[in-house]
Amino acid sequence: MTAPAAADLFALDRAAQDLLFRAARTANTFTDEPVTDAQVAAIHDLIRYGPTAYNGQPLRVLLLRSPESRARLLPYVSSSNRAKTASAPLVAVLAADVDFHERLPELYPHRPQARDWLADRAARAEQARFNATLQIGYLLVGVRAAGLAAGPMAGFDAAGVTREFFPDGRHEALLLMSVGHPGPDAWRERLPRLPTADVIHTL
Ligand SMILES: Cc1cc2nc3c(=O)[nH]c(=O)nc-3n(C[C@H](O)[C@H](O)[C@H](O)COP(=O)(O)O)c2cc1C
């Protein structure tokens, strides 16, 4: 008996696997087709079930829709990312809420003391960044599940964006993400992925 093909080992059919991973690409250009608030809400409604430590859900998403808000962002974006940040139908600033612990009595009600375990700001900020970054991964896959493409960008001045858009001092900008329908010449060459044997080891 021959072993099943790897793609047949999943609960998702092959088309869904391709949509989320094999055929999904990081888009560098987008069409003018808008991304609606309803699409964004549907994506969040799906990805909010992704797990986080203490169920803390520290990711916060600031959508830059107005031309004025986009103009405020551009000076902080690296020159190689600027044109695609200016032209994408939607750009999101993805940030961590360092004071996410304030919601733990509601989000982690069986351990109300968890809020006090996170009293130390530096330790809490590390938790916030780590878990918000995990949630960014869920968001990226959620965007693809909605039939859209994402362009994550770390090439920007995160401290500057934090000051510009989050003067409250409780949020830290982590990543920019453009979202939309891929435009002409959206893809660069597909880069190699590590073979499984180089990544997964068993003891
Ligand atoms: C966290 C993160 C940061 C990235 N930052 C940038 C960036 O600043 N500029 C850029 O052009 N691409 C950026 N990328 C895109 C990656 O280079 C791209 O996703 C990777 O090469 C895989 O491309 P593919 O999905 O088309 O195979 C970033 C991707 C991630 C996940």
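Just the heavy atoms: all of them, side chains too, but no hydrogens, waters or symmetry mates, feed the values below. We count ligands from 1, going down the list as the structure has it; atoms in each ligand are counted the same way.
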Hey, can you tell me if Trp117 and Tyr54 have their rings parallel, tilted or perpendicular (30° and 60° cut-offs)?
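Ring orientation of Trp117 relative to Tyr54: tilted.
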
Going by the order shown, which atoms of ligand 1 are within less than 4.0 Å of some heavy atom of [X]?
{"X": "Arg25", "value": "24 (P), 25 (O), 26 (O), 27 (O)"}
{"X": "Arg188", "value": "11 (O)"}
{"X": "Lys84", "value": "10 (C), 11 (O)"}
{"X": "Arg193", "value": "22 (C), 24 (P), 25 (O), 27 (O)"}
{"X": "Gly155", "value": "8 (O)"}

Of the side chain and backbone of [X], name the one, both, or neither that has a heavy atom under 4.0 Å from an atom of ligand 1.
{"X": "Leu191", "result": "side chain"}
{"X": "Glu189", "result": "neither"}
{"X": "Leu175", "result": "side chain"}
{"X": "Asn81", "result": "side chain"}

Measuring to protein heavy atoms, does anything land under 4.0 Å from atom 25 (O) of ligand 1?
yes

Can a protein heavy atom be found under 4.0 Å away from atom 31 (C) of ligand 1?
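Protein heavy atoms within 4.0 Å of atom 31 (C) of ligand 1 - there is at least one.
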
Do [X] side-chain atoms and [Y] backbone N/O form a donor-acceptor pair below 3.5 Å?
{"X": "Arg70", "Y": "Leu64", "result": "yes"}
{"X": "Thr162", "Y": "Ala173", "result": "yes"}
{"X": "Asn28", "Y": "Ala186", "result": "yes"}
{"X": "Gln17", "Y": "Leu12", "result": "yes"}
{"X": "Arg121", "Y": "Ala119", "result": "no"}
{"X": "Tyr108", "Y": "Ala53", "result": "no"}

Is the closest basic N to carboxylate O distance between Asp37 and Arg65 below 4.0 Å?
yes

What's the shortest distance from atom 27 (O) of ligand 1 to any protein heavy atom, and which residue and atom give it?
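Going atom by atom, the protein heavy atom closest to atom 27 (O) of ligand 1 ends up being Arg190 NH1, 2.5 Å.
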
Could you check atom 20 (C) of ligand 1 against the protein and tell me its nearest heavy-atom contact, residue, atom and distance included?
Thr26 OG1, 4.3 Å

Given Ser178, Pro152, Ala24, identify the one with the heavy atom nearest to atom 12 (N) of ligand 1.
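The option holding the nearest heavy atom is Pro152.
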
Given Ala27, Gly137, Ala154, which has its nearest heavy atom closest to atom 3 (C) of ligand 1?
Ala154

So, applying side-chain hydrogen bond (donor to acceptor under 3.5 Å, both in side chains) with His101, which one of Arg115, Gln127, Arg124 is it?
Arg124

Just checking Asp32: does its CG atom have more than 12 heavy atoms from other residues, nucleotides or ligands closer to it than 6.0 angstrom?
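Count not over threshold, so no.
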
